[in-house]
Q: 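What follows is a single structure, and I will ask about it in a moment.
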Amino acid sequence: MGIHTRSVMTILLMLPALAMQSPAAGAMESADCLGCHGDSSAVGAEYVVGAAFDSTAHAELGCAACHPSVGSSHPDDGLLPEKTHCQNCHDDIQAEYAASMHGENAACNDCHNPHNSRGSEEVSGYDMNRPCVACHDGSEMAGSHGQWLPQADLHLGALPCITCHTGSQEYVITFYLRKKRTGDAVGSFLPAGYEELSVLARDSSVQRLIDGDGDDRISLEELYVFNRQNNGGELILQGMMTPATLTHSYEILESRWDCSFCHASGPKAMQTSFVAFPEKDGSFRRMAVEKGAVLDALYGTPDFYMLGATRSRAMNIAGLVILAGGLVLPVGHGSLRFLTRNNRKGKGPQS
Ligand code: HEC
Ligand code: HEC
Ligand code: HEC
Ligand code: HEC
Ligand code: HEC
Ligand code: HEC
Ligand code: HEC
């Protein structure tokens, strides 16, 4: 009864608004919305970057999927548009995240921009850490992690936080092109952006900076060529160890204390690698690198060096034992012995 009365009341109240609506009421297209919201001078803080939104999976749903209450007399109707909750469509992730250690600490929108939501393969490792360090101060993290993790700056730069703090089990190495900046500390891991690289690529595509033959995959040979041309020059390949499949099961994991989790027992991670190139819309596109190329630390990826991991079976199979014996082991052995002193669990890497 009460409900019935309320609905009638609502309809009566809405009548003037309904009368004003055109036949296409409520069917404003995303492009119409962006006519205003894509223009920062028109809407100020209500600005939505259309160029980024248009290439996301959410663009296919359209603005109205998440803001269903926006009618044709918006914004003059003075109504505050509805904002659909993420869990209405992503209930599986919501359930996993809510059950994790971090469920109470941040909401989906604290880490995601609903207007620029992308799959993990399209987001650089650097950008993955942006939301984390917005709440967890970067230099504080370097300090607290540095109590047990040597070269904490380098580790926090070469590992997205989620590599250690979610239950993901499999990893790949993803490389980003980064400008070599003279006098830079290792701490600066910002990948080069699309505009910067376009200048260097001149008339060609950004991908062609490495993928010389344009076949959409990167061979060891192409890495050699890239390193020969660019090592003395402006660009290096910055490697990061990123989850192969992403989870939202935030945790503090015992295994991540263990240096050998990455440094001695990661042959799988070392086998599969990608170079991620920036796109015009700010996302990244991954291109597969020839299997095992990362193990060729001398010529393939000289600026990425996963100490100790080269002692793995994969290294032997790759037939690069000489490289491991001659170069990697002495350095690795010495520094690991020195650096594991502060490992709180006292677990050195197991050979
Ligand atoms: C004629 C220009 C115009 C169009 C077209 C338009 N908007 Fe708006 N919109 C505005 C303005 C101006 C505001 C701010 C209103 C205010 O502050 O009272 C606003 C506010 C909003 C808000 C609320 C922001 C907040 O702070 O809560 C949302 C959400 C929104 N619009 C979504 C949309 C969607 C979705 C569409 C298309 C279906 C759309 N708008 C079309 C001008 C427009
Ligand atoms: C996947 C769902 C989703 C889609 C699609 C979506 N929005 Fe939103 N939008 C949201 C959510 C959620 C918020 C609230 C964000 C917050 O509070 O941090 C929001 C906030 C806004 C705001 C307030 C300002 C801001 O950025 O927080 C505006 C304006 C807006 N949306 C306009 C649009 C327009 C225009 C489109 C289409 C081009 C669109 N939205 C598409 C979910 C969506
Ligand atoms: C109306 C349904 C709907 C809502 C609401 C919604 N999404 Fe989505 N979202 C989708 C669909 C459909 C896809 C594409 C298929 C997929 O990956 O699940 C998607 C994709 C994504 C992706 C990219 C995944 C990929 O692999 O490309 C992210 C990130 C994402 N959503 C985050 C969010 C966040 C954060 C919110 C809340 C602000 C939200 N979504 C709200 C339907 C929705
Ligand atoms: C503490 C930060 C954080 C919170 C909170 C968070 N996410 Fe994520 N999420 C990430 C990161 C980091 C990634 C990987 C980079 C990316 O895709 O944006 C990601 C990726 C995703 C993806 C893409 C998954 C894939 O396989 O590529 C979806 C979809 C998503 N999140 C949805 C959600 C939803 C829905 C919520 C709320 C229930 C949520 N996220 C809460 C950090 C967070
Ligand atoms: C909106 C703010 C916010 C964001 C964004 C955020 N966190 Fe948190 N996080 C918190 C708060 C609050 C706590 C609980 C208090 C504390 O330990 O600082 C917490 C706790 C944690 C803890 C556990 C500390 C403990 O001892 O229980 C970890 C690990 C963590 N966050 C990792 C991350 C990672 C990784 C990301 C990015 C993917 C992230 N957080 C993004 C606010 C945030
Ligand atoms: C190499 C793996 C690793 C990486 C990378 C890593 N963490 Fe941790 N983190 C840990 C471990 C292990 C602990 C538990 C240490 C302890 O209890 O003292 C921890 C503890 C924490 C804590 C709680 C204690 C504190 O220091 O406040 C927070 C918050 C946290 N991490 C956030 C982050 C954020 C944010 C990032 C990315 C900037 C990050 N972590 C990167 C492994 C890692
Ligand atoms: C979650 C994976 C992970 C864990 C756990 C981890 N590391 Fe690392 N480590 C890396 C990555 C990735 C790099 C960066 C490689 C690069 O960029 O050259 C690295 C780099 C290093 C380097 C620098 C190598 C060099 O000379 O450039 C040292 C030393 C090192 N780690 C020691 C340790 C020790 C000791 C522990 C245990 C307390 C540890 N790591 C735990 C992944 C890890």
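Scope of the values below: all heavy atoms of this structure, side chains included, with no hydrogens, waters or symmetry mates. First listed ligand is number 1; within each ligand, the first listed atom is number 1.
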Q: I need the nearest protein heavy-atom contact for atom 13 (C) of ligand 5: residue, atom name and distance, please.
A: N105 ND2, 3.2 Å
Q: Does H248 put an N, O or S atom under 2.8 Å from atom 8 (Fe) of ligand 4?
A: yes
Q: Does the N or O separation between H90 and ligand 4 drop below 3.5 Å for any pair?
A: no
Q: Within C108, is some N, O or S atom less than 2.8 Å away from atom 8 (Fe) of ligand 4?
A: no
Q: Looking at L149, which atoms of ligand 7 are within less than 4.0 Å of one of its heavy atoms?
A: 39 (C), 41 (C)
Q: In H112, which N, O or S atom comes closest to atom 8 (Fe) of ligand 4?
A: NE2
Q: Give me the ring orientation class for F261 and Y171: parallel if the planes are under 30° apart, tilted from 30 to 60°, perpendicular past 60°.
A: perpendicular
Q: Give the residue and atom name of whichever protein heavy atom lies nearest to atom 27 (O) of ligand 4, and the separation in Å to one decimal.
A: S120 N, 2.7 Å
Q: For atom 2 (C) of ligand 4, grab the closest protein heavy atom and report residue, atom and distance to one decimal in Å.
A: C111 SG, 2.0 Å
Q: Can you name the atoms of ligand 4, numbered from 1 with element, that are less than 4.0 Å from a heavy atom of C86?
A: 35 (C)
Q: Distance check below 2.8 Å: does H155 bring an N, O or S atom to atom 8 (Fe) of ligand 7?
A: yes
Q: Is it true that the NZ or CZ of R286 lies under 6.0 Å from the centre of F274's six-membered ring and within 45 degrees of the ring axis?
A: yes
Q: Carefully, step by step, assess R118 and D281 under the rule salt bridge (charged side-chain N to carboxylate O under 4.0 Å, His left out).
A: CA-CA 11 Å; R118 306 205 174 258; D281 61 15; 3.7 Å; yes
Q: Within the distance-only criterion (no hydrogens, no angle test), does the side chain of S73 pair as donor or acceptor with the backbone N or O of D76 below 3.5 angstrom?
A: no
Q: Under 4.0 Å, heavy-atom basis, I'd like to know which part of P150 is in contact with ligand 7: side chain, backbone, both or neither.
A: side chain
Q: Going by distance only, is there an N or O of Y97 that falls short of 3.5 Å from an N or O of ligand 4?
A: no
Q: Show the atoms of ligand 7 that are less than 4.0 angstrom away from any heavy atom in C164.
A: 1 (C)
Q: Classify the ring geometry between H145 and H165 as parallel (under 30°), tilted (30 to 60°) or perpendicular (over 60°).
A: perpendicular
Q: For the residue pair Y97 and Y250, is the inter-centroid distance of their aromatic rings smaller than 6.0 Å?
A: yes
Q: In terms of atom number and element, which parts of ligand 4 are under 4.0 angstrom from non-hydrogen atoms of R118?
A: 16 (C), 17 (O), 18 (O)
Q: Looking only at non-hydrogen atoms, find the nearest pair between L220 and E290 and report the distance.
A: N-OE1, 2.9 Å
Q: So, for R208 and D211, which heavy atoms are closest and what is the spacing to 0.1 Å?
A: CD-O, 3.1 Å
Q: For atom 24 (C) of ligand 4, what's the nearest protein heavy-atom neighbour? Residue, atom name and distance, please.
A: L246 CD2, 4.0 Å
Q: What residue and heavy atom of the protein are closest to atom 1 (C) of ligand 5, and at what distance?
A: C135 SG, 2.8 Å
Q: Which ligand 4 atoms are under 4.0 Å away from a heavy-atom of Y250?
A: 1 (C), 2 (C), 3 (C), 42 (C), 43 (C)
Q: Considering only non-hydrogen protein atoms, determine which one is nearest to atom 34 (C) of ligand 5 and report residue, atom name and distance to 0.1 Å.
A: C132 SG, 3.6 Å
Q: Quick one: which ligand 5 atoms are inside 4.0 Å of a heavy atom on C161?
A: 35 (C)
Q: Please find the pair of heavy atoms, one from F189 and one from D153, that lie closest to each other, and give the distance.
A: CE1-O, 3.7 Å
Q: Which ligand 7 atoms does W148 reach within 4.0 Å, using its non-hydrogen atoms?
A: 38 (C)
Q: Considering the heavy atoms of R256, write down every atom of ligand 7 situated less than 4.0 Å from one of them.
A: 5 (C)
Q: Around atom 29 (C) of ligand 4, find the nearest protein heavy atom and jot down its residue, atom name and distance.
A: I93 CD1, 3.4 Å
Q: Might you point out which heavy atoms bring G125 and P160 nearest each other, and give the distance in Å?
A: CA-CG, 4.2 Å
Q: State whether the side chain of T163 and the backbone N or O of L159 hold a donor-acceptor pair below 3.5 Å, judged by distance alone.
A: no
Q: Got a protein heavy atom sitting under 4.0 Å from atom 17 (O) of ligand 5?
A: no
Q: Is it true that A107 lies under 4.0 Å from ligand 4, counting heavy atoms only?
A: yes
Q: Is it the side chain (CB and beyond), the backbone, both or neither of M128 that lies under 4.0 Å from ligand 5, heavy atoms counted?
A: neither
Q: Atom 8 (Fe) of ligand 5 is nearest to which N, O or S atom of H102?
A: NE2
Q: Can you check side chain to side chain contact (heavy atoms under 4.5 Å, CB included) on Q94 and C86, steps first, answer last?
A: CA-CA 8 Å; Q94 160 69 24; C86 312; over 6 Å; no
Q: Locate the shortest heavy-atom distance separating E222 from R217; write the atom from each residue and the value.
A: OE1-O, 3.2 Å
Q: Donor-acceptor check, side chain of H155 to backbone of P150, threshold 3.5 angstrom: yes or no?
A: yes
Q: When the aromatic ring centroids of F284 and Y176 are compared, is their separation below 6.0 Å?
A: yes
Q: Considering non-hydrogen atoms of the protein only, which is the closest contact for atom 25 (C) of ligand 5, and what is the distance?
A: I252 CD1, 4.1 Å
Q: Does ligand 5 come near enough to D110 that some N or O of the ligand is less than 3.5 Å from an N or O of the residue?
A: no
Q: Give the atoms of ligand 7, by number and element, whose distance to some non-hydrogen atom of C262 is under 4.0 Å.
A: 1 (C), 2 (C), 3 (C), 4 (C), 5 (C), 42 (C), 43 (C)
Q: Report yes or no: does H67 contribute a side-chain atom to a donor-acceptor pair with the main-chain N or O of E82 at less than 3.5 Å?
A: yes
Q: Taking only heavy atoms of L154, which atoms of ligand 7 are found under 4.0 Å from at least one of them?
A: 20 (C), 23 (C)
Q: Do Y47 and H37 touch side chain to side chain, with heavy atoms closer than 4.5 Å?
A: no
Q: For P81 and V70, work out which heavy atoms get closest and say how close.
A: CB-CG2, 3.6 Å
Q: Can you report which non-hydrogen protein atom sits closest to atom 22 (C) of ligand 5, along with the distance?
A: M101 CE, 3.4 Å
Q: Considering heavy atoms of the protein only, find what lies nearest to atom 5 (C) of ligand 5 and give residue, atom and distance to 0.1 Å.
A: P131 O, 3.3 Å
Q: Between N116 and N113, is there a donor-acceptor pair closer than 3.5 Å when you use the side chain of the first and the backbone of the second?
A: no
Q: Does any N/O atom on H165 come nearer than 3.5 Å to any N/O atom on ligand 5?
A: no
